[in-house]
Amino acid sequence: MEMLTQAPKGTKDVLPDESYKWHYVEGKIREIARLFGYKEVRTPTFEHTELFERGVGDTTDVVQKEMYTFTDKGGRSITLKPEGTAGVVRAYIEGRLYAQPQPIKMYYITPVFRYERPQAGRLREHHQFGVEVFGAPEASVDAEIISLAVTLFDRLNIKNLELNINSIGCPSCRPRYHQVLKEYLSGQLDQLCSNCKQRFDRNPLRILDCKEERCRQVVASVPVILDFLCDECKAHFDGLKRYLDAAGIPYKVNPMIVRGLDYYTKTVFEFISRDIGAQGTVCGGGRYDGLVGLCGGPETPGAGFGMGIERLLLVMENQGVEIPPPPKLDVMFITVGDEARFQAFKLVRDLRLKGISADMDHVGRSIKAQFKYADKLNIPRVCIMGEDELKNGCVKVRDMASGREEPVPMNEIVAYLERLRRLD
RNA sequence: GUGGGUAUAGCUCAGGUGGUUAGAGCGCCAGAUUGUGGCUCUGGAGGUCGUGGGUUCAAGUCCCACUAUCCACCCCA
């Protein structure tokens with residue numbers, strides 16, 4: 001097909017008949033973010049490549065093979081955001097937000113880019129709603145962001161999401177577990193898939209959520225990280241569970257979820273749907289206490305999540321969730337002849353200035369065609385202006401549902417329609 | 001990066017074993033005695049049959065390559 005007339009692979013247009021769904025979801029997001037005390041942050045669509053290499057971690061798949069990276073005309077290496085957190089961390093440091101009253105609670109809605117093969121629920125450009133909290137180490141924050149996500153799902157009438165939580169420890173206890181894990185696996189190295197053999201040295205944790213059947217068997221009876229957490233991490237995880245219990249949020253402790261980004265410490269979690277195909281993660285996040293420091297800011301605890309808006313919409317569609325349709329045009333002017341169109345143009349303008357949405361024919365169609373058009377657009381009322389009406393200085397207002405028509409003097413039409421709209 | 005499915009009108013799809021001007025439904029535009037929508041009827045526009053090769057007297061149909069798209073793997077939202 002033509003390059004010219006086809007969106008790049010893995011990208012999607014949101015056409016006018018769909019955009020109201022996005023407005024609806026984004027509206028709920030902003031409403032709930034406000035309810036929880038989060039303010040919006042907007043960061044650039046691209047950042048210096050180094051930020052992601054450092055922040056996300058250069059052993060991750062995201063950095064190793066999925067980034068949209070290019071050299072700009074000044075010779076800088078630039079990368080389109082492959083996730084939302086790193087840019088916000090950078091902005092927190094650059095904007096000296098650590099000098100403001102802590103914690104800082106922010107949210108964003110942003111495009112995210114990853115070079116992957118598209119499939120159901122996966123695009124090269126998608127959009128994420130994310131939240132980040134800086135300067136608060138307590139487990140109550142981890143519980144709060146999970147609660148925020150749950151509240152949003154409820155408000156959107158999304159059902160059957162499964163919340164999985166886990167703790168992957170901190171720099172003081174995770175190395176111990178790595179050792180235990182490697183000792184356990186070293187005897188069965190030859191049974192692992194080739195991918196996992198490489199992970200063994202680089203990031204043994206990731207072997208835990210390999211989908212290969214033989215790896216799963218090896219890993220089935222592996223020691224669990226939760227048994228090796230240091231006292232602080234253990235207390236933190238217990239705290240998280242207590243807060244979730246208190247909020248009445250059901251969850252499953254799943255020691256096999258580890259997440260693909262290097263910056264996580266302690267809490268990690270995922271919301272998973274079975275209704276949208278193989279890529280079921282709708283929301284993923286956790287705690288990242290070392291990230292701000294790693295990126296050159298003061299040591300600052302942090303926690304957050306990213307939520308895929310396309311996947312959100314997919315779940316809603318597959319679950320048959322009704323989204324309120326956008327408001328229709330209030331009134332359409334149907335004109336016969338040039339003079340009528342001229343007069344209608346002025347009236348339409350007056351109506352719009354008064355907050356009544358109005359439109360008129362711009363293509364010189366027959367009166368019948370104009371009616372059909374208004375009917376197809378489901379417009380509740382039309383105003384008819386032809387020679388007779390011009391002669392009498394009035395317009396005929398027709399209610400499309402009932403078919404009733406009423407003549408109204410031209411200079412009263414604005415007030416008349418305002419009155420009608422108050423009644424609707 | 002790997003594997004599988006699909007590719008005919010704006011949309012959903014027909015087009016046995018290759019055979020003259022490629023069809024339907026829906027949608028779009030127009031009309032049914034000249035100023036009125038929905039129902040009905042009539043007409044019209046719109047297709048280099050994804051692209052490029054090959055086989056053949058003849059290819060939408062068979063073969064090859066490429067591209068796009070969908071689904072799955074890896075991984076992730």
Side-chain angles (χ1 to χ4, degrees), chain A residues 1-3 5-12 15 17 56 59-67 81-85 109-130 149 161 193-196 198-199 203 206 209-213 215 257-261 270-273 276-285 304-315 332 334-337 340 363 365-390 396-405:
Chain A
M1 272 282 201
E2 308 270 336
M3 292 277 227
T5 56
Q6 187 158 41
K9 184 194 281 286
T11 66
K12 282 257 190 301
L15 296 174
D17 286 346
V56 177
T59 66
T60 60
D61 280 15
V62 168
V63 169
Q64 282 192 335
K65 54 182 205 190
E66 292 171 5
M67 295 210 295
K81 299 184 187 180
E83 56 94 57
T85 301
I109 296 172
T110 185
V112 170
F113 306 86
R114 285 181 210 163
Y115 190 88
E116 301 182 275
R117 289 280 289 269
Q119 72 186 76
R122 171 188 289 155
L123 297 162
R124 286 186 174 179
E125 180 188 25
H126 76 279
H127 297 78
Q128 284 189 18
F129 160 50
L161 293 187
C193 71
S194 60
N195 221 322
C196 282
Q198 291 178 6
R199 288 170 173 153
N203 194 350
R206 294 212 61 78
D209 69 352
C210 184
K211 275 80 182 177
E212 289 282 333
E213 187 49 38
C215 296
I257 75 160
V258 300
R259 315 236 5 104
L261 311 179
E270 290 178 0
F271 286 89
I272 297 166
S273 168
I276 54 173
Q279 306 303 321
T281 306
V282 172
C283 174
F305 67 66
M307 188 184 294
I309 297 183
E310 281 85 354
R311 288 188 187 173
L312 217 52
L313 286 162
L314 245 190
V315 176
M332 179 85 197
I334 287 180
T335 61
V336 186
V363 289
R365 269 196 282 237
S366 72
I367 185 166
K368 183 183 217 131
Q370 292 182 56
F371 265 100
K372 279 190 182 171
Y373 181 78
D375 186 53
K376 263 173 277 196
L377 268 57
N378 244 301
I379 295 166
R381 264 180 279 280
V382 300
C383 289
I384 305 145
M385 292 184 76
E387 283 175 33
D388 297 350
E389 287 79 9
L390 284 178
K396 243 188 257 168
V397 181
R398 178 184 178 93
D399 181 294
M400 291 296 275
S402 68
R404 259 196 298 276
E405 283 182 7

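Order of the sequence lines sets the chain letters (A, B, ...), proteins ahead of strands, with each chain counted from 1.
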S.K.: Got a sec, which residues hit side-chain contact (heavy atoms from CB on, under 4.5 Å) with A:Val336, two or more places apart in sequence or on another chain?
M.R.: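 Here the qualifying residues are A:Ile367.
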S.K.: How would you list, by chain and number, every residue that makes a salt bridge (Lys or Arg N to Asp or Glu O under 4.0 Å) with A:Asp388, sequence neighbours excluded?
M.R.: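 Testing A:Asp388 for salt bridge (Lys or Arg N to Asp or Glu O under 4.0 Å), a comparison that skips the adjacent residues, returns none.
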S.K.: Could I get the full list of salt bridge (Lys or Arg N to Asp or Glu O under 4.0 Å) partners for A:Arg311, not counting sequence neighbours?
M.R.: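 With neighbours one apart ignored, the set is empty.
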S.K.: Identify all stems in which RNA chain B takes part, counting only runs of at least 3 consecutive pairs (Watson-Crick or G-U wobble, each distance under 3.5 Å), and give each as one range with another, ordered by first number.
M.R.: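 Runs of three or more consecutive pairs: B:1-7 with B:67-73, B:10-13 with B:23-26, B:28-32 with B:40-44, B:50-54 with B:62-66.
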S.K.: When the C1' atoms of B:rA45 and B:rG37 are compared, how many Å lie between them, rounded to an integer?
M.R.: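 The same atom, C1', in both gives a distance of 23 Å.
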S.K.: Would you indicate what A:Gly386 reaches in the nucleic acid, counting non-hydrogen atoms under 4.0 angstrom: base, sugar-phosphate, or nothing?
M.R.: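 Base, at least one base atom sits under 4.0 Å.
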S.K.: When the P atoms of B:rC26 and B:rG16 are considered, how many whole Å apart are they?
M.R.: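 That atom pair is separated by 24 Å.
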S.K.: Rounding to a whole Å, what distance do you find between A:Arg117:CZ and B:rC71:P?
M.R.: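 Going from A:Arg117 (CZ) to B:rC71 (P), I get 12 Å.
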S.K.: Sequence neighbours excluded, which residues qualify as side chain to side chain donor-acceptor pair (under 3.5 Å) partners of A:Arg259?
M.R.: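 Applying side chain to side chain donor-acceptor pair (under 3.5 Å) to A:Arg259 gives A:Glu270.
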S.K.: Distance check, C1' atoms only: B:rG10 and B:rC29, in whole angstrom units.
M.R.: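 About 13 Å, rounded to a whole number of Å.
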S.K.: Is any side-chain nitrogen or oxygen of A:Lys376 closer than 4.0 Å to OP1 or OP2 of B:rG38?
M.R.: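 No.
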S.K.: For RNA chain B, find the residues of residues 119-126 of chain A with a heavy-atom distance under 4.0 Å and give them by number; none if there aren't any.
M.R.: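 Only A:Gln119, A:Ala120, A:Gly121, A:Arg122, A:Leu123, A:His126 qualify.
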S.K.: Got a sec, which residues hit salt bridge (Lys or Arg N to Asp or Glu O under 4.0 Å) with A:Lys372, two or more places apart in sequence or on another chain?
M.R.: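 Testing A:Lys372 for salt bridge (Lys or Arg N to Asp or Glu O under 4.0 Å), a comparison that skips the adjacent residues, returns none.
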S.K.: What residues form a side-chain contact (heavy atoms from CB on, under 4.5 Å) with A:Leu314, not counting sequence neighbours?
M.R.: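 For A:Leu314, the residues satisfying side-chain contact (heavy atoms from CB on, under 4.5 Å) (neighbours in sequence not counted) are A:Ile276, A:Asn318.
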S.K.: Taking only distance into account, with no hydrogens and no angle test, what donor-acceptor pairs under 3.5 Å do side-chain atoms of residues 117-127 of chain A form with protein atoms, sequence neighbours excluded?
M.R.:
unit_1: A:Gln119; atom_1: OE1; unit_2: A:Arg122; atom_2: NH1; d: 3.2
unit_1: A:Arg122; atom_1: NH2; unit_2: A:Gln279; atom_2: OE1; d: 3.4
unit_1: A:Arg124; atom_1: NE; unit_2: A:Glu116; atom_2: O; d: 2.7
unit_1: A:Arg124; atom_1: NH2; unit_2: A:Glu116; atom_2: O; d: 3.3
unit_1: A:His126; atom_1: NE2; unit_2: A:Gln128; atom_2: NE2; d: 3.0
unit_1: A:His127; atom_1: ND1; unit_2: A:Glu310; atom_2: OE2; d: 2.8

S.K.: Can you tell me if A:Gln279 touches the phosphate of B:rC73, counting only side-chain N or O atoms and a distance under 4.0 Å to OP1 or OP2?
M.R.: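 Yes, because at least one side-chain N or O of A:Gln279 sits under 4.0 Å from OP1 or OP2 of B:rC73.
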S.K.: The criterion is salt bridge (Lys or Arg N to Asp or Glu O under 4.0 Å); which residues satisfy it with A:Asp375, sequence neighbours excluded?
M.R.: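 Here no residue qualifies.
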S.K.: List, with names and distances, any nitrogen or oxygen atoms from the protein found under 3.5 Å away from nitrogen or oxygen atoms belonging to nucleotides 30-34 of chain B.
M.R.:
none

S.K.: In whole Å, measure the gap between the C1' atoms of B:rU8 and B:rA59 for me.
M.R.: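 Roughly 14 Å separates the two C1' atoms.
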S.K.: Step through the shown structure and confirm whether more than 12 heavy atoms of other residues, nucleotides or ligands are within 6.0 Å of CD on A:Glu387.
M.R.: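 Atom CD in A:Glu387 is not packed in, count stays at 12 or less.
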S.K.: How do A:Glu270 and A:Pro118 order along RNA chain B: which one's closest nucleotide is nearer the 5' end?
M.R.: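 Nearest-nucleotide comparison on RNA chain B picks A:Pro118.
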S.K.: Report yes if a donor N or O on one partner sits less than 3.5 Å from an acceptor N or O on the other, where the partners are the side chain of A:Glu405 and the base of B:rU36; otherwise report no.
M.R.: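 Answer is yes: a donor-acceptor pair is held.
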S.K.: So, taking the atom named CE in A:Met307 and the one named OG1 in A:Thr281, what distance separates them when rounded to the nearest 0.5 Å?
M.R.: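 So the gap between those two atoms works out to 12.0 Å.
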S.K.: Got A:Leu377 and A:Met332 here, is their nearest side-chain heavy-atom distance under 4.5 Å?
M.R.: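 Sidechains of A:Met332 and A:Leu377: no contact.
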S.K.: Using a 4.0 Å heavy-atom cut-off, does A:Gly403 contact any base of the nucleic acid, only the sugar-phosphate backbone, or nothing at all?
M.R.: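 It contacts base atoms.
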S.K.: Determine, step by step, whether A:Met400 and A:Ile379 satisfy the side-chain contact (heavy atoms from CB on, under 4.5 Å) criterion, reporting the C-alpha distance in whole Å, the side-chain angles of both residues, the deciding distance to 0.1 Å, and the verdict.
M.R.: CA-CA 7 Å; A:Met400 291 296 275; A:Ile379 295 166; 5.8 Å; no
S.K.: Reckon A:Ile334 touches a base, only the sugar-phosphate, or nothing at all at heavy-atom distances under 4.0 Å?
M.R.: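 The answer is nothing, as A:Ile334 stays clear of every strand by at least 4.0 Å.
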S.K.: Answer with base, sugar-phosphate or nothing: what part of the nucleic acid does A:Glu387 contact at a heavy-atom distance below 4.0 Å?
M.R.: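 Base, at least one base heavy atom under 4.0 Å.
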S.K.: Name the nucleic acid region contacted by A:Gln370, choosing base, sugar-phosphate or nothing; use a 4.0 angstrom heavy-atom cut-off, strictly under.
M.R.: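 A:Gln370: no heavy atom of the nucleic acid under 4.0 Å.
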S.K.: Between B:rG1 and B:rG18, how far apart are the C1' atoms? Round to whole Å, please.
M.R.: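 Comparing C1' positions in B:rG18 and B:rG1 gives a spacing of 39 Å.
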S.K.: Using the closest heavy atom to pick a nucleotide of RNA chain B for each, name whichever of A:Ser402 or A:Tyr115 lands nearer the 5' end.
M.R.: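 Mapping each residue to its closest nucleotide by heavy atoms, the 5'-most match is A:Tyr115.
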S.K.: Figure out the CD/C1' separation between A:Glu83 and B:rA77, and round it to whole Å.
M.R.: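 So the CD-C1' distance, A:Glu83 to B:rA77, works out to 11 Å.
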S.K.: Just jot down the side chain to side chain donor-acceptor pair (under 3.5 Å) partners of A:Thr110, sequence neighbours excluded, or say none.
M.R.: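 A:Lys81.
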S.K.: Could you check whether the side chain of A:Gln64 and the base of B:rG1 have a donor-acceptor pair of N or O atoms closer than 3.5 Å, going by distance alone?
M.R.: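 Checked by distance alone, the answer is no.
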S.K.: Mind checking if A:Val282 touches a base, just sugar-phosphate, or nothing, with heavy atoms under 4.0 Å?
M.R.: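 Since only primed, P, OP1 and OP2 atoms lie under 4.0 Å of A:Val282, the category is sugar-phosphate.
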S.K.: Output the rounded distance in Å from NZ (A:Lys396) to C1' (B:rU36).
M.R.: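 These atoms are roughly 8 Å apart.
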S.K.: Regarding B:rU69, can its base be found pairing with the side chain of A:Lys9 as donor and acceptor, where the two atoms are less than 3.5 Å apart?
M.R.: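 Check fails, no donor-acceptor contact within cut-off.
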S.K.: Which is true for A:Lys81 with a 4.0 Å heavy-atom rule: it touches a base, it touches only sugar-phosphate, or it touches nothing?
M.R.: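 Nothing, no heavy atom under 4.0 Å.
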S.K.: Distance criterion of 3.5 Å, no angle test: do you see the side chain of A:Arg398 paired donor-to-acceptor with the base of B:rG37?
M.R.: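 Pair found.
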